[in-house]
Student: 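Quick one: the structure is below, questions incoming.
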Amino acid sequence: MSTEYPLTAFSKMETPFYYYDMKLLRETLHTALHEASAYEGFHVHYAVKANFNPQILATVNECGIGADCVSGGEVKAAIEAGIPAEKIVFAGVGKTDREIAYSLDAGIFCFNVESVPEIEAIERLASERGTVAQIAIRVNPNVAAHTHANITTGLAENKFGINHEQLVDVIKKVQELKHLNLIGLHFHIGSQILVMDDFKELCNRVNDIQDMIEEEHGMVLPHINVGGGLGIDYDNPDDSPIPAFADYFATYAKYLKLRKGQQLHFELGRSLVGQCGSLIARVTYVKHGSCKRFVILDAGMNDLVRPAMYGATHKIENISSCKPCEIYDVVGPVCESSDVFSKNVELPQTERGDFIAIRSAGAYGEAMAFGYNCRALPKGFCFE
Ligand code: LLP
């Protein structure tokens, strides 16, 4: 165990809760991200879906990062955290009229549009307001990312985006509409991607699509948005607290052929906030089966759904015991057999009342918590 957790403070707190290491978050955003993304015309938007805890959002805003939202609620949360509307992009396949209207009234930078009926809805609502909406068309780049099947999004059969073959017609359609200003193209190939060649492949696809648009429409769009997806090291959070930002941005700087003056936007979620968070639980019981030992936590799949939903692995530590190690299955109390955080984990001999940290839980942890079994939602606490 190398992260120093404030156990005295924890001993007075109700568990489970999310612990956020604000020093690490600031170092990640202010130093690492800021330095690595300092290329001409690069802009980072934080994918609010990863964690919408107000203090996390406020810290993101302090660092001058914009927001990538997927619902009206996220647009509102970003604005309430002080993120300027002109740095907010709004994606999602099912934007409702109410969400579109709210975002138009707020004056957001861009809608990443995903279908023709959505384009028509934005045109109608912008026209009713006598305004012009800026839009980027989300194109399906058909790049197969090396990640979990549930979190790849760039393949042709996904529900997201507009297929490459339909792009020419969709651009023609948009050009006929008076209340839409087509300012860019949007892409996203998936999440938790550690293979830089996947991003290189996206660059090549974007280059081809840009060539095609120039040929067919004689047009260069001022903005390209390549989405997010940079992964984190779930196995060794202490060895790699900061994700591979330098390699990631260098890949785009090297392989994406930006046209003159073109701006490049990124929507990073997990890599910005993943490593600063841990789910902290107490051990409720240690149960000895006939051939297994179970550590039963007071946190369950409703607090952190990633292991049950994606088979994701998070490093698990007993942060209050230094005894010799034993092998346990670490499980939650929820009435589902998938409520298992990890099997055959080596932990120091564990007892009722011990504190367990489930690491790398800052992204898609608190944000995805739910209330199944009438369980209270976990709170998030920021520690300096
Ligand atoms: N942009 C778009 C269009 C996205 O769909 C996503 C994530 C992002 C940006 C941010 O991706 P990131 O940089 O965080 O990889 N709940 C899953 C991940 C779902 C990702 C959904 N889209 C998980 O816990 O692994």
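Model, not experiment: these values are computed from the prediction.
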Student: Would you please classify the geometry between the F90 ring and the F111 ring as parallel, tilted or perpendicular, with 30° and 60° separating the classes?
Tutor: tilted
Student: Let me confirm one number: the CD1-CG distance from I189 to N142, rounded to the nearest 0.5 Å.
Tutor: 11.5 Å
Student: Could R259 and D211 be called an ion pair, given the rule that one side-chain N must be under 4.0 Å from one carboxylate O?
Tutor: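 Looking at D211 together with R259, the answer is yes, because their closest N to O distance falls below 4.0 Å.
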Student: Not counting sequence neighbours, which residues clear salt bridge (charged side-chain N to carboxylate O under 4.0 Å, His left out) with E384? List them please.
Tutor: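 Per chain and number, E384 pairs via salt bridge (charged side-chain N to carboxylate O under 4.0 Å, His left out) with R26.
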Student: For a quick check under 3.5 Å, do H223 and Q134 share a side-chain donor-acceptor pair by atom type?
Tutor: no
Student: Hey, does F355 have a side-chain heavy atom less than 4.5 Å from the side chain of Y5?
Tutor: no
Student: When you compare the side chains of T350 and N318, does any donor N or O come within less than 3.5 Å of an acceptor on the partner?
Tutor: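 Checked: T350/N318 side chains pair up, N/O donor to acceptor below 3.5 Å.
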Student: For K173, which of E123, Q166, E120 qualifies under side-chain contact (heavy atoms from CB on, under 4.5 Å)?
Tutor: E120
Student: Under 6.0 Å from the ring centre and within 45 degrees of the ring axis: does the NZ or CZ of K76 meet both conditions for the six-membered ring of Y102?
Tutor: no
Student: Using the side-chain contact (heavy atoms from CB on, under 4.5 Å) rule, pick out the option among L182, N163, I162 that qualifies with V170.
Tutor: I162
Student: Does a side chain donor of either Q192 or Y234 reach within less than 3.5 Å of an acceptor in the other side chain?
Tutor: no
Student: Would you indicate whether the side-chain heavy atoms of V273 and E366 approach each other to under 4.5 Å?
Tutor: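 Not in contact.
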Student: Mind checking whether Y39 and Y252 have side chains closer than 4.5 Å, heavy atoms only?
Tutor: no
Student: Quick one: SG on C63 to NE2 on H30, what's the gap to the nearest 0.5 Å?
Tutor: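 That separation rounds to 3.5 Å.
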Student: Please tell me whether N51 and Y20 have a donor and an acceptor in their side chains that are separated by less than 3.5 angstrom.
Tutor: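 There is such a pair between these side chains.
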Student: Out of curiosity, does F42 fall in the hydrophobic cluster containing L221 (side-chain heavy atoms, cut-off under 4.5 Å, transitive links)?
Tutor: yes
